[in-house]
Amino acid sequence: MCIQERRTPDNYTFSTLLKSSGDLKDLKTGEMIHCRIIQTGFISDTVLVNSLMGMYFKCESYYNIRKLFDEMPQRSTASWNMLISGYTVLGNFSFTEDIWELVKQMQIEGVKLDKFTVSSLLPLCGTKDNTGKLDYGREIHCFALKNDMYLGSLDLHVGCCLIDMYSKNKKITLGRLVFDGMSGRNIVAWTAMITGYVQNGCSEEALMLFREMQLRAGIEPNRVSLVSILPACSSLAGLREGKQIHGFAIRNEFNHEVSLSNALIDMYSKCGSLGSARCIFYDVIHSKDAISWSSMIAGYGLHGNGDEAISLYNKMIQLGIKPDNITLVGVLSACSRSGLVNEGFEIYNSAVTDYGVSLTVEICACMVDMLGRAGQLDQALEFINSMPMKPGPSVWGALFGASVIHENAEMRDLASSYLIQLEPENPSNYVSLSNLHASFGKWDVVAELRRGMKDKGLRKSPGCSWITISNEIHSFYVADKTHPCSSLIYEMLDDLISMMKGSHDFPD
DNA sequence: CGGGTCTGAC
């Protein structure tokens with residue numbers, strides 16, 4: 001070996017090393033570099049401390065970010081952004097103060113908020129559980145408008161965050177406005193908009209945009225965009241569209257990704273093709289996750305196959321995959337639909353005590369539905385009274401449905417009064433009650449309910465079902481006689497109804 | 001020195 005030249009590392013050396021150890025999530029090496037930075041006296045370099053915080057962020061070591069932030073002599077916008085990023089992962093309550101107080105503090109100290117700050121704050125303005133902070137989101141949007149983020153065109157990252165924020169707050173038209181105002185839209189922007197439509201129940205718009213992206217903008221879908229669009233196919237029962245996407249995924253070798261397989265399992269089972277769903281499920285050999293199992297279990301339940309759902313659930317447990325609250329909803333609704341009350345109760349108890357599944361209002365609704373459908377209305381009410389949280393509309397809705405089936409007027413009226421109290425603006429609550437009274441011939445009650453709805457300006461969009469037969473969509477509404485084959489269809493429907501009534505599995 | 005879109009539920 002020749003004589004080695006010993007050089008002192010400078011801030012660029014450290015910065016590069018920190019980036020690498022962060023990307024590798026190598027906390028140990030990162031900490032060693034941190035030591036060297038202290039030893040060499042670089043710890044007063046603001047940019048270098050920001051790099052350190054970035055490394056700790058990537059290594060998920062958030063409390064070190066706070067410590068560095070508190071101890072640094074000079075802070076730049078990037079330092080504040082790092083701290084805010086830590087908050088976005090940990091949530092508001094893990095550090096001592098409120099994040100919005102922090103933003104206020106930032107402004108008091110005269111630190112300029114930049115596009116990074118804005119795109120870290122926007123995701124906090126739209127949570128999935130509807131407790132979004134739309135007002136804050138709008139304010140940040142204004143801030144972005146007034147500052148340099150709209151110079152030339154809206155920064156793509158900021159734009160995507162805005163679309164996402166508006167769609168999580170159920171303001172999809174505002175999201176679309178942002179989308180239309182963005183230039184140089186890339187696949188991420190298109191996918192953010194498509195996802196917004198899907199999450200707001202606008203599946204047709206989502207599919208239209210997905211097509212437009214490919215045909216007009218010439219952008220090839222990637223894995224994420226395929227995963228985003230598949231639920232739109234599921235909710236429209238669009239088997240054709242779903243199969244096309246599956247084909248595209250195979251051609252582009254996305255089909256071995258778990259997330260895509262999971263979305264396909266769900267799509268196939270909701271589009272009536274349980275066999276295809278099962279094929280995908282058994283094809284994902286190595287990397288099945290809780291979502292794969294949950295989707296398949298729910299699929300069996302959806303097709304009335306309660307026993308299969310239960311045995312798959314047991315197999316999942318045996319293999320050591322931890323069920324979560326959504327798995328439990330799937331298996332319990334399968335039990336409910338197949339009348340497997342005892343089995344359902346057993347699963348419920350073991351999930352809560354053995355696997356630590358935390359109770360959600362959806363799980364409770366499943367239990368009420370299961371007990372209620374089986375005619376155990378008193379037990380259902382007892383369950384509601386023992387719930388650890390406030391029973392929501394889904395819970396009372398389940399009790400209402402069961403009381404109607406089992407003709408328990410007292411229970412029905414109790415459930416109905418809660419429903420109307422909880423959701424006075426939901427037309428379905430009045431319509432189902434009105435239809436029920438109509439079936440008894442109590443037209444005065446019907447008239448009163450209808451008048452009440454009219455006074456509130458409530459209208460229910462009529463239920464609709466449809467089927468695609470050789471490229472043509474045939475749709476049907478209540479008492480719809482407009483289809484050319486109408487008389488034939490009703491004839492068959494009558495036959496089916498009498499067959500079902502003749503079966504022992506039906507109560508009437 | 002830092003950022004964006006993503007699958008399962010009554």
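Residue numbers start from 1 in every chain, and the chains themselves are labelled A, B, ... in the order their sequence lines are given, proteins ahead of strands. The figures here come from the full heavy-atom set of this structure, side chains too, leaving out hydrogens, waters and symmetry mates.
- A straight line from CD1 of Ile280(A) to C1' of dT7(B) spans 13 Å, rounded to a whole angstrom.
- The side chain of Cys160(A) lies closest to dG4(B) when the candidates are dC1(B), dT7(B), dG4(B).
- To the nearest angstrom, C1' of dG2(B) lies 14 Å from OH of Tyr62(A).
- When heavy atoms are screened at a 4.0 angstrom cut-off, Ser51(A) is found touching the sugar-phosphate backbone but no base atom.
- Aromatic ring pairs are classed by plane angle as parallel below 30°, tilted from 30° to 60° and perpendicular above 60°; the pair Phe57(A) and Tyr62(A) is perpendicular.
- Considering only side-chain atoms of Lys19(A), the nucleotide from dT7(B), dG2(B), dC10(B) that sits closest is dG2(B).
- Note on residues 222-232 of chain A: pairs passing side chain to side chain donor-acceptor pair (under 3.5 Å), not counting sequence neighbours, are Thr195(A)-Ser228(A), Asn222(A)-Ser225(A), Arg223(A)-Ser259(A).
- Using a 4.0 Å heavy-atom cutoff across all strands shown, Ser336(A) reaches no nucleic acid atom at all.
- The nearest whole Å value for the distance from the CG atom in Leu359(A) to the C1' atom in dC10(B) is 15 Å.
- The aromatic ring of Phe116(A) sits over the base of dG2(B), with ring centres less than 5.5 Å apart and planes inclined by under 30°.
- Contact annotation for Ser259(A): base contact, defined as any heavy-atom pair under 4.0 Å involving a base atom.
- Figure legend: cation-pi geometry between Arg75(A) and Phe69(A), with NZ or CZ positioned under 6.0 Å from the six-membered ring centre and within 45° of its axis.
- Picking from dC10(B), dT7(B), dC1(B) the nucleotide with the shortest atom distance to the side chain of Val227(A) gives dT7(B).
- At a threshold of 4.0 angstrom between heavy atoms, the contacts of Leu264(A) with the nucleic acid are absent.
- Not one side-chain nitrogen or oxygen of Gln199(A) sits closer than 4.0 Å to the OP1 or OP2 atom of dT5(B).
- A salt bridge links Glu60(A) to Lys25(A): one of the charged nitrogens lies within less than 4.0 Å of a carboxylate oxygen.
- Residue Lys58(A) places no side-chain N or O under 4.0 Å from the OP1 or OP2 atom of dC1(B).
- Between Ile265(A) atom CD1 and dG8(B) atom C1' the separation is 10 Å, expressed in whole Å.
- Note on Ala189(A): nothing from the nucleic acid sits closer than 4.0 angstrom, heavy atoms only.
- A donor-acceptor contact under 3.5 Å links the side chain of Asp155(A) to the base of dG3(B).
- Within 4.0 Å of Ser120(A), counting heavy atoms only, lies no atom of the nucleic acid at all.
- For Gln74(A), the CD atom sits in a loose shell: 12 or fewer heavy atoms of surrounding residues, nucleotides or ligands are nearer than 6.0 Å.
- Annotation: side chain of Asn50(A) is in contact with side chain of Thr46(A) (closest heavy-atom distance under 4.5 Å).
- For the pair Leu226(A) CG and dT5(B) P, the interatomic distance rounds to 17 Å; values are reported in whole Å.
- Looking only at atom types and distance, the side chain of Ser20(A) has no donor-acceptor partner in the side chain of Asp23(A) under 3.5 Å away.
- Side-chain contact of Asp114(A) with Thr77(A): a donor-acceptor pair under 3.5 Å is absent, judged by distance alone.
- Among dT7(B), dC1(B), dG4(B), the nucleotide with an atom closest to any side-chain atom of His157(A) is dG4(B).
- Rounded to whole Å, the distance from CG on Leu113(A) to P on dG2(B) is 19 Å.
- For the residue pair Asn81(A) / Ser120(A), no side-chain donor-acceptor distance below 3.5 Å is found, with atom types taken as modelled.
- Asp324(A) comes within contact range of at least one nucleobase, with a heavy-atom separation under 4.0 Å.
- Between Ser228(A) and dT5(B), a side-chain N or O to OP1/OP2 separation shorter than 4.0 Å is absent.
- Stacking of Arg412(A) on the aromatic ring of Phe400(A) is not recorded, the 6.0 Å distance cut-off and the 45° axial limit not both being met.
- Close to dG4(B), at under 4.0 Å from its OP1 or OP2, lies no side-chain N or O of Lys168(A).
- Rounding to whole angstrom units, CE of residue Met53(A) and C1' of dG3(B) are separated by 15 Å.
- Residues from residues 295-303 of chain A placing a heavy atom under 4.0 Å of any atom in DNA chain B, listed by number, are Ser295(A).
- Side-chain atoms of Ser295(A) and Asp266(A) form no donor-acceptor pair, as typed in the model, at a separation below 3.5 Å.
- Put simply, CG on Leu83(A) is 20 Å from P on dC1(B), counting in whole angstrom units.
- For the segment residues 74-81 of chain A, residues with any heavy atom less than 4.0 angstrom from an atom of DNA chain B are, sorted by number, Ala78(A), Asn81(A).
- Within the structure, a side-chain polar atom (N or O) of Ser333(A) is placed less than 4.0 Å from OP1 or OP2 of dC10(B).
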